[in-house]
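Each chain gets a letter, A, B and so on, in the order its sequence line appears, and its residues count up from 1.
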Amino acid sequence: MIRLVGVSKVYASGDRPAVDGLSLDVAEGDIAVLVGPSGCGKTTTLKMINRLIEPSSGTIEVAGRDITSMSPSQLRRSIGYVIQQIGLFPHRTIAENIATVPRLLGWNAGRISRRVDELLEMVDLDLAMRTRYPAELSGGQRQRVGVARALAADPQVMLMDEPFGAVDPIARGRLQDLFLELQQRLRKTIVFVTHDIAEAIRLGDRIAILNVGGILEQYDTPADTLRQPANDFVVDFLGSERGLKRLSLLVIGTVPLEHGPVLAETATVDEARRVMADHGVDWIGVGGDGRLDGWVPAADLDGRHDLSGLSLRRFQSWLTVDASLIDALDVVVTSRTSVAAVFDGDRYLGMLTAEAIARAIVQ
Amino acid sequence: MNIDWEWIGTHFDDMWTATAEHLALTVLAVGVGLVVAMALSLVALRWRPAYAPITWFTGILYTIPSLALFTFFIPFFGLSLITAEIALVSYTLLILIRNIVAGIEGVPDAVVESARGMGMTERNLFLGVQLPLALPVIIAGIRIATVSTIGLVTVTALIGQGGYGVFILRGIRRQFFTETLTGTLLSVALAVVADLLLVAAERRATPWARRREAV
Ligand SMILES: Nc1ncnc2c1ncn2[C@@H]1O[C@H](COP(=O)(O)OP(=O)(O)O)[C@@H](O)[C@H]1O
Ligand SMILES: [Mg+2]
């Protein structure tokens, strides 16, 4: 969808290239994150894609067309653009800001108005915001307007330059969630710039790690980058806790679960003692048929014949199948039973152990 | 020095006529000044090296005494409106150009970048974004230009173009204090009223700035 071939940029005032022979392919519907230290040419690369900066050499294609075959303004109206400082128009209301590109494209008033409502809803903003001015909004709200404005004419391609860099960490987390949720629905082709490797890993389908001078060190999925960094620069840039960062990318569904020490109500206490011994635990779970009703400590079984009629304790440590392994690890190590029960909705799937997570890291 | 109330009471018609003349001379000067200043500012904004010579030239114009400037053009245009206006317009240029350029350049880079990034043409950008956002600074320039032009117009009476200067000059010639004072006070009053009207116009033209103050 976006293809850079041997793109270089040498600024008139610079002695060395800001971007040097960069080739990059971004598949349709993917988020490609450009990440790297300050001054490595991320912004320059992004701005060459919408011709705010003209490359010194190389070619860039968007949707199969050489971008120099269109006028810059025509090209830019077909590409959403979001920058860190947002650049909302202070003299225009939120609705007018969002309507910028549709107005340039000559949509009629009714269509624009409907689209503005739709977009405000999409980015979780109150319709009462329509008539406000940007100065009356919080930083997080302004950034949402920035995203809505970029999406206004439903462009296939979006360019985003550190869009969440200026907001506080909590607002940033929410914006990232919103962004991923929107992307699930909209499937835009996105080039996203950040200097924050954690953000890159969280958001990217692929991450391009750039070095100073605009040199591409590695272009891979986040999981593959973490598993097989191409060189020392990438290792350094990924920083510590590489294994843990990988865990944040994997979900429980990818790890084999154990049935665990769980028996039906009708099982005898003798059976239960045997199962507990097999698993090396001092408690037994009760359930069956995709149910997990609770657990009891071994001591509660004294003087009983089977597992019926016990007062069961609820599992405090349970997870849903789409949770990340990093969350799972947290639950497992803090749980009384050292395992976490995994559910898909109400259905019990099995037990996750610390060993299973450890195996997933080294895999 | 006594004030001759009877003279004042019998000259309201003259005062109205002078007010209309004074206002017309001022509006014409500031209006033409604005057009010329906008054109020169556009040149300077498009091609930055032009800015220094433009401000240098208009700065020199600003320092020439008004009497000298009138005198210089009288051989070409006589005691005419054109002579008067050439001088008056010249004095507005420096302040207007400075404020137009400062206003446009004061628009945040991020706003300009996002406007271009969304596919606005240079014309969309200038008329739809830069000019409205520069308005407070430009109107501040227009206020100064207007107030100082109102003061200067009293001198155009010398070349027979009417206005409050007629009272002032005649009062001096006839050593009739009441008439000179009337012309002076009317000129000051007109300047104050014009300034207040322009402040009101600025507030109307920039609702977003007002709303921000309220927050
Ligand atoms: N307009 C410019 N003129 C000259 N040099 C520039 C310009 N913009 C960026 N550079 C230089 O190009 C390099 C890359 O800059 P940039 O693309 O902004 O990096 P990043 O976004 O990764 O921080 C830097 O060394 C920077 O100083
Ligand atoms: Mg940058």
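With respect to chain B, the highest number of heavy-atom pairs below 4.5 Å among A:Gly87, A:Pro72, A:Gly80 belongs to A:Gly87.
Counting only heavy atoms from C-beta outward, the side chains of B:Ser114 and A:Ile86 never approach each other to under 4.5 Å. Under the 4.5 Å side-chain criterion, counting only non-hydrogen atoms from C-beta, B:Trp208 is not in contact with A:Arg92. Counting heavy atoms from C-beta on, the side chains of A:Arg149 and B:Met118 come closer than 4.5 Å.
Environment of CZ in A:Arg3: sparse, with no more than 12 heavy atoms of neighbouring residues, nucleotides or ligands closer than 6.0 Å. For B:Phe72, the CZ atom counts as loosely surrounded, since its 6.0 Å shell holds 12 or fewer non-hydrogen atoms of other residues, nucleotides or ligands. Counting non-hydrogen atoms of other residues, nucleotides and ligands closer than 6.0 Å to OH of B:Tyr62 gives a total of 12 or fewer. Within a 6.0 Å sphere centred on CD of A:Glu28, heavy atoms belonging to other residues, nucleotides or ligands number 12 at most. For CZ of B:Arg98, the number of neighbouring non-hydrogen atoms (other residues, nucleotides, ligands) closer than 6.0 Å is 12 at most. The local environment of CZ in A:Arg174 is sparse, with at most 12 non-hydrogen atoms from other residues, nucleotides or ligands closer than 6.0 Å. Around CD of A:Glu61, the count of heavy atoms belonging to other residues, nucleotides or ligands within 6.0 Å exceeds 12. By the neighbour-count criterion of 12 heavy atoms within 6.0 Å, atom CD of A:Glu54 is densely surrounded, having more than that number from other residues, nucleotides or ligands.
Nearest heavy-atom pair, B:Ala110 versus A:Ile83, reported as atom, atom and distance to 0.1 Å: O-CD1, 3.7 Å. Taking both residues in full, the closest heavy atoms of A:Leu104 and B:Asn124 are given as CD2-OD1, 3.4 Å, listed atom of the first, atom of the second, then distance.
Under the 3.5 Å distance criterion, with hydrogens and angles disregarded, no donor-acceptor pair is assigned to the side chains of B:Arg116 and A:Ser73.
When atom types are taken as modelled, the side chain of A:His91 and the backbone of B:Gln130 share no donor-acceptor pair closer than 3.5 angstrom. Panel note: side chain A:Arg76, backbone B:Gly117; no donor-acceptor pair is recorded below 3.5 Å.
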Problem set entry | Residue pair A:Lys47, B:Glu113: steps toward the side chain to side chain contact (heavy atoms under 4.5 Å, CB included) verdict | CA-CA 10 Å; A:Lys47 286 184 176 177; B:Glu113 185 190 325; 3.2 Å; yes
Problem set entry | Residues B:Asp109, A:Gln85; criterion side chain to side chain contact (heavy atoms under 4.5 Å, CB included); working and verdict | CA-CA 9 Å; B:Asp109 288 346; A:Gln85 313 85 321; over 6 Å; no
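For A:Leu88, the part lying near chain B is the backbone, with the side chain staying farther off; criterion is any non-hydrogen pair under 4.5 Å.
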